[in-house]
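Data first, discussion second: the structure below is written as structure tokens.
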Protein chains: 2
Amino acid sequence: MSHDRLECAAQIRERGFRVTPQRMLILDAICEGKEHTTFDEIYDRVQAKAPGINQATLYRTLDFLCELHLVVSAEIDGRAVYEIAGETPHHHLVCHACGAIQELPDFHFHELRSHLLREHGFKADISHLALTGLCPQCAESER
Amino acid sequence: MSHDRLECAAQIRERGFRVTPQRMLILDAICEGKEHTTFDEIYDRVQAKAPGINQATLYRTLDFLCELHLVVSAEIDGRAVYEIAGETPHHHLVCHACGAIQELPDFHFHELRSHLLREHGFKADISHLALTGLCPQCAESER
DNA sequence: ATTACTGCAAAGGATTTGCATGTGA
DNA sequence: TCACATGCAAATCCTTTGCAGTAAT
């Protein structure tokens with residue numbers, strides 16, 4: 001299920017909600033960022049196209065899109081980042097020394113996920129995780 | 001290395017910092033909670049014994065203790081939780097439906113950790129993770 | 001005697017909320 | 001039409017900061 005803007009619109013309507021220009025603009029702004037996008041980036045992009053849009057609307061819309069699972073969010077040092085859902089799921093390695101971010105494919109979590117389900121009955125929602133640590137460069141210079 | 005209050009005090013002194021009654025009270029308050037403890041719980045416990053202690057001090061002290069790795073923190077739905085470090089490292093499974101929290105031993109992450117190091121050169125700091133999902137009961141009632 | 005630490009109060013920043021207005025279905 | 005969405009402004013919540021006074025070593 002790859003979610004482009006049209007599919008998202010369909011999904012929204014299907015579930016009984018309304019497709020508004022604001023919502024589409026916000027979806028577009030998230031799509032524009034190839035990777036995860038911060039609140040401020042989204043806000044700026046939307047402002048560029050439609051200077052009227054309010055921050056509160058953006059907060060509400062992002063929550064809304066996350067609840068519909070059209071967008072996924074992760075926390076990177078205290079700030080939320082957003083991404084269109086449905087692309088190949090992946091995660092991030094965040095260096096807490098230099099801030100570099102590396103992508104981590106989802107398959108690393110396949111085993112953990114099924115193990116948790118089998119052994120603990122826990123249906124983990126590991127859809128967009130950010131792990132912190134030291135990137136190769138910083139790990140090197142640290143010793 | 002099991003960190004009780006005395007060892008913590010020794011560690012603090014050893015590294016050139018000062019052992020103050022506030023710090024000890026805060027360490028005690030964290031120890032009192034068998035599991036992870038929220039900011040507010042710690043604050044209340046400390047207040048009960050020493051009504052003078054300031055929130056700013058608590059914030060600063062918690063940061064301080066985390067930096068010394070005497071305490072570890074994790075984020076559970078947007079709020080930090082704290083725990084004495086050095087006990088057997090473990091993680092948490094948090095049900096986002098009912099809020100139930102289950103412990104998850106660290107060994108589940110051994111492989112992931114060494115894999116990240118080998119394949120990506122990334123030295124992941126997975127010391128106290130909180131994974132969200134659905135606990136057995138909620139997963140059941142959901143369908 | 002130093003200088004780290006604390007308390008206080010104020011500032012800061014992010015997110016939420018209430019309510020009137022607007023608009024998609 | 002009418003419930004859902006939005007804009008606006010104020011409120012709220014969490015956390016940080018500056019500074020003056022206190023206390024651990």
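The shown structure was predicted, so the numbers you read here are calculated from the model rather than taken from an experiment. Convention: sequence-line order gives letters A, B, ...; per-chain numbering from 1.
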Write down the distance between [atom1] ([X]) and [atom2] ([N]), rounded to a whole number of angstrom.
X     : N      : atom1 : atom2 : result
B/M24 : C/dC5  : CE    : C1'   : 16 Å
A/L58 : C/dT17 : CG    : P     : 16 Å
B/E75 : D/dC14 : CD    : P     : 13 Å
A/F64 : C/dG24 : CZ    : P     : 15 Å
A/Q22 : C/dG22 : CD    : P     : 14 Å
B/I76 : D/dC14 : CD1   : P     : 16 Å
A/E14 : C/dG24 : CD    : C1'   : 17 Å
A/R15 : D/dA5  : CZ    : P     : 13 Å

Q.
Generate the contact string for nucleotides 15-25 of chain D. Rules: B means base contact, S means sugar-phosphate contact only, - means no protein heavy atom under 4.0 Å.
A. BBBB----BBS
Q) Are B/V94 and B/V72 grouped together when hydrophobic residues (ILVMFWY) are joined by side-chain heavy atoms under 4.5 angstrom apart? A) no
(Q) Counting only heavy atoms not in B/E111 (residues, nucleotides, ligands), do more than 12 fall under 6.0 Å from its CD? (A) no
Exam field: side chain [X] to backbone [Y], donor-acceptor pair closer than 3.5 Å:
X      : Y      : answer
B/R5   : B/D28  : no
B/R113 : B/I126 : yes
B/R23  : B/R18  : yes

Q | Nearest-nucleotide comparison on DNA chain C, the residue closer to the 5′ end among B/I53 and B/G16 | A | B/G16
Q: Can you see which heavy atom on B/A74 is nearest to which on B/H128, and at what distance?
A: CB-O, 3.1 Å
Q. Taking side chain as C-beta onward, heavy atoms only, is B/I42 less than 4.5 Å from B/L58?
A. yes
Q) Considering the terminal five base pairs at each end of the helix from C/dA1-D/dT25 to C/dA25-D/dT1, what angle separates the two local helix axes, rounded to 10°? A) 40°
Q) Parallel, tilted or perpendicular: which fits the ring planes of B/H90 and B/H92, with parallel below 30° and perpendicular above 60°? A) perpendicular
Q | Electrostatic pair B/R15:B/E67 at N-O distance under 4.0 angstrom | A | no
